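Residue indices begin at 1 and follow the sequence shown. Given the structure is predicted, the values throughout are model-derived calculations rather than measurements.
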Amino acid sequence: MSAGDTIFALSSGQPPAAIGIIRISGPKASNALQALSGSLPEVRRPRLAKLTDPVSKQPLDTALVLWFPGPNSASGEDLAEIHCHGGRAVVRALESALDNMDGLRQAEPGEFTRRAFTHGRMDLAEAEGLSDLLFAETELQRRSAIQAAGGTLSRKVEDWQSAILRLSAMVEAELDFSDEDDVTPAQLEVVQSSVADLAQEMNNILVRPRAEKLREGVRVVLGGPPNSGKSTLLNALVEREAAIVSAIAGTTRDVIEVPIAIKGIPFLFIDTAGIRDEGAEEIERIGIDRARAQFDMADIILWLGPEGEGPDSLKLVEIASRQDHPEYQPKSPTVLSVSPLAGPGMDELVALLVERAKEIVPRGDEISVNKRQADHLAEAQVSLDQIPEVQDYLIIAEQLRLARAALDALTGRASTEDMLDGLFGKFCIGK
């Protein structure tokens, strides 16, 4: 794979569809479009054209063609688009004609976006936001991803970089020209005060929930002894028969995961094997061990067992799941009483889950960072935090340089090929 190749791919949904969009990007994009349509259209103006196979001279389709010369294109290089009919045969014929042209090849997954990154049309934080947007399934995921893809985090990082660069210039002036009358010496307290403000801004973002939680969903683990109603409650929460319900103890032997969105928030509900110390055979004991492991990974634990016997955790919500049976009425007012089959108490439980989840997932209207971004942002903050403790301008200059380097790594100005391969490889072929 070479960055100098000309690539093509279907960038719209898989056929059959009303319209298919084929993108061609690279130095031979104009030649390819001319070979198919006879001539290039005006820049950024669609033109209806009859497409012909340049080898067989057979007509392929009548389509809209567009031409975007680089660097002002989506990929940052010469880019052509063909908006054809979206039938399988039409798309296949056009792809075959392009594949037969000298110097053209099918794009790898994410290669268009990677070229946009390489040519400076987007930075790494925006590319990660676009990746999240492609996989978004809930409204909250969409709102958060659209901010990242639109450059909200990138613009904030640019502001920090500019501020740090100004401070670096002040410090360098103090180091190099403090003995000259025409240069205003940098005031140490001004630098340290400004640095403290920047570090606090970074910390305000670092303490927010991580962006990964939106992709993974809030982990809600249902736990309790056998026949406590875990599977029944799971089915009621996800509104389908996701787990087998039986009066036989030990029916659920493995972890059952069910993703679902509630009020736009992604959840992952996890049913587990019933917890008991006696009477479990070998396979069931493995399931019990897995259930206990799930408690450690949970964001919220719904405990359907005896009051006070659940895992010792702030994540715990005690549930009495048989409200319709008087003998199962909870003794403590902190225990939520529900009846999954009859319905009472379920609205209150869902409301509680949503309220707890809002403290676990990022808000869609504010900047959140993923683990990679948070690691680099924390490096920048640590470097800035050193500055108020020192009086040596040489040390201050070095810490400012380290902070700038960490922010450059966050946006991808300093990066490794393996990390880029991992990110862009998750995209679809035409992105």
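Across A116 and A74, no two heavy atoms sit closer than the pair CB-O, 3.2 Å. A pairwise comparison of heavy atoms in L153 and A125 identifies CD2-CB, 4.1 Å as the closest pair. Contact record, L198 with I164: CD1-CG1, 3.8 Å, taken as the closest heavy-atom pair. Here the shortest heavy-atom pairing between A261 and T138 reads CB-CG2, 3.4 Å. Nearest heavy atoms, P388 versus L384: CD-O, 3.3 Å. Taking both residues in full, the closest heavy atoms of S144 and S368 are given as OG-OG, 3.7 Å, listed atom of the first, atom of the second, then distance.
Between L302 and the choices V221, V338, I319, the side-chain contact (heavy atoms from CB on, under 4.5 Å) rule is met once, by I319. For the side-chain contact (heavy atoms from CB on, under 4.5 Å) with D299, the lone residue among L353, V218, V361 that qualifies is V218.
A 6.0 Å sphere centred on CD1 of I19 holds no more than 12 heavy atoms belonging to other residues, nucleotides or ligands. Counting non-hydrogen atoms of other residues, nucleotides and ligands closer than 6.0 Å to NE2 of H85 gives a total of 12 or fewer.
Once rounded to the nearest 0.5 Å, the distance linking CD1 of I82 with CD of E95 reads 10.0 Å. Rounded to the nearest 0.5 Å, atoms CD (E128) and OG1 (T113) are 12.5 Å apart. Taking CG from L48 and NE2 from H83, the interatomic distance works out to 12.5 Å, rounded to the nearest 0.5 Å. Note: I24 CD1 to W67 CH2 = 9.0 Å, rounded to the nearest 0.5 Å. Note that CG of L167 and OG of S194 are 5.0 Å apart. Values are rounded to the nearest 0.5 Å.
Between the side chain of S131 and the main chain of A127, no donor-acceptor pair closer than 3.5 Å is present. Judged by distance alone, the side chain of E126 and the main-chain N or O of F117 form no donor-acceptor pair under 3.5 Å. Here the side chain of R210 pairs a donor or acceptor atom with the backbone of L206 at under 3.5 angstrom. Judged by distance alone, with hydrogens and angles left aside, the side-chain atoms of K230 form a donor-acceptor pair with the main-chain N or O of P225 at under 3.5 Å. K315 places a side-chain N or O within donor-acceptor distance of the main-chain N or O of A298, the cut-off being under 3.5 Å. A donor-acceptor pair is defined here as one N or O able to donate and one able to accept, closer than 3.5 Å; such a pair exists between the side chain of S162 and the backbone of E158. A distance-only check finds no donor-acceptor pair linking the side chain of K156 to the backbone of M202 [under 3.5 Å]. Side-chain atoms of R208 come within 3.5 Å of backbone N or O of I367 as a donor-acceptor pair. Counting only distance, with no hydrogens or angles, the side chain of D78 and the backbone of G70 share a donor-acceptor pair below 3.5 Å. Not one N or O on the side chain of E77 forms a donor-acceptor pair closer than 3.5 Å with the backbone of P27.
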| Stepwise side chain to side chain donor-acceptor pair (under 3.5 Å) check, D365 with Q147 | CA-CA 8 Å; D365 58 353; Q147 280 214 56; 5.7 Å; no
| request: For salt bridge (charged side-chain N to carboxylate O under 4.0 Å, His left out), just list the numbers for K371 and D375, CA-CA rounded to whole Å, side-chain angles, deciding distance to a tenth of an Å, and then say yes or no. | output: CA-CA 6 Å; K371 184 182 184 304; D375 287 345; 3.0 Å; yes
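Annotation: side chain of I300 is in contact with side chain of I360 (closest heavy-atom distance under 4.5 Å). Taking 4.5 Å as the limit, some side-chain heavy atom of L407 sits within range of a side-chain heavy atom of L377. Contact annotation: the side chain of L36 approaches that of L98 to within less than 4.5 Å [non-hydrogen atoms, C-beta and beyond]. Q386 places none of its side-chain heavy atoms less than 4.5 Å from the side chain of V390. In this structure the side chain of L64 never reaches within 4.5 angstrom of the side chain of P41, judged on heavy atoms. The side-chain heavy atoms of L104 and I7, taken from C-beta on, include no pair separated by under 4.5 Å. Taking the side chain as every heavy atom from C-beta outward, Q391 and L188 approach each other to under 4.5 Å. M297 places none of its side-chain heavy atoms less than 4.5 Å from the side chain of I270.
Counted by atom type alone, S25 and R115 present zero donor-acceptor pairs between their side chains at under 3.5 Å.
The existence of a salt bridge linking R114 and E108 is excluded, since no basic side-chain nitrogen approaches an acidic carboxylate oxygen closer than 4.0 Å. The pair R142-E139 counts as a salt bridge, with a side-chain nitrogen and a carboxylate oxygen less than 4.0 angstrom apart.
Partners of E398 by side-chain hydrogen bond (donor to acceptor under 3.5 Å, both in side chains), not counting sequence neighbours, listed by chain and number: R401.
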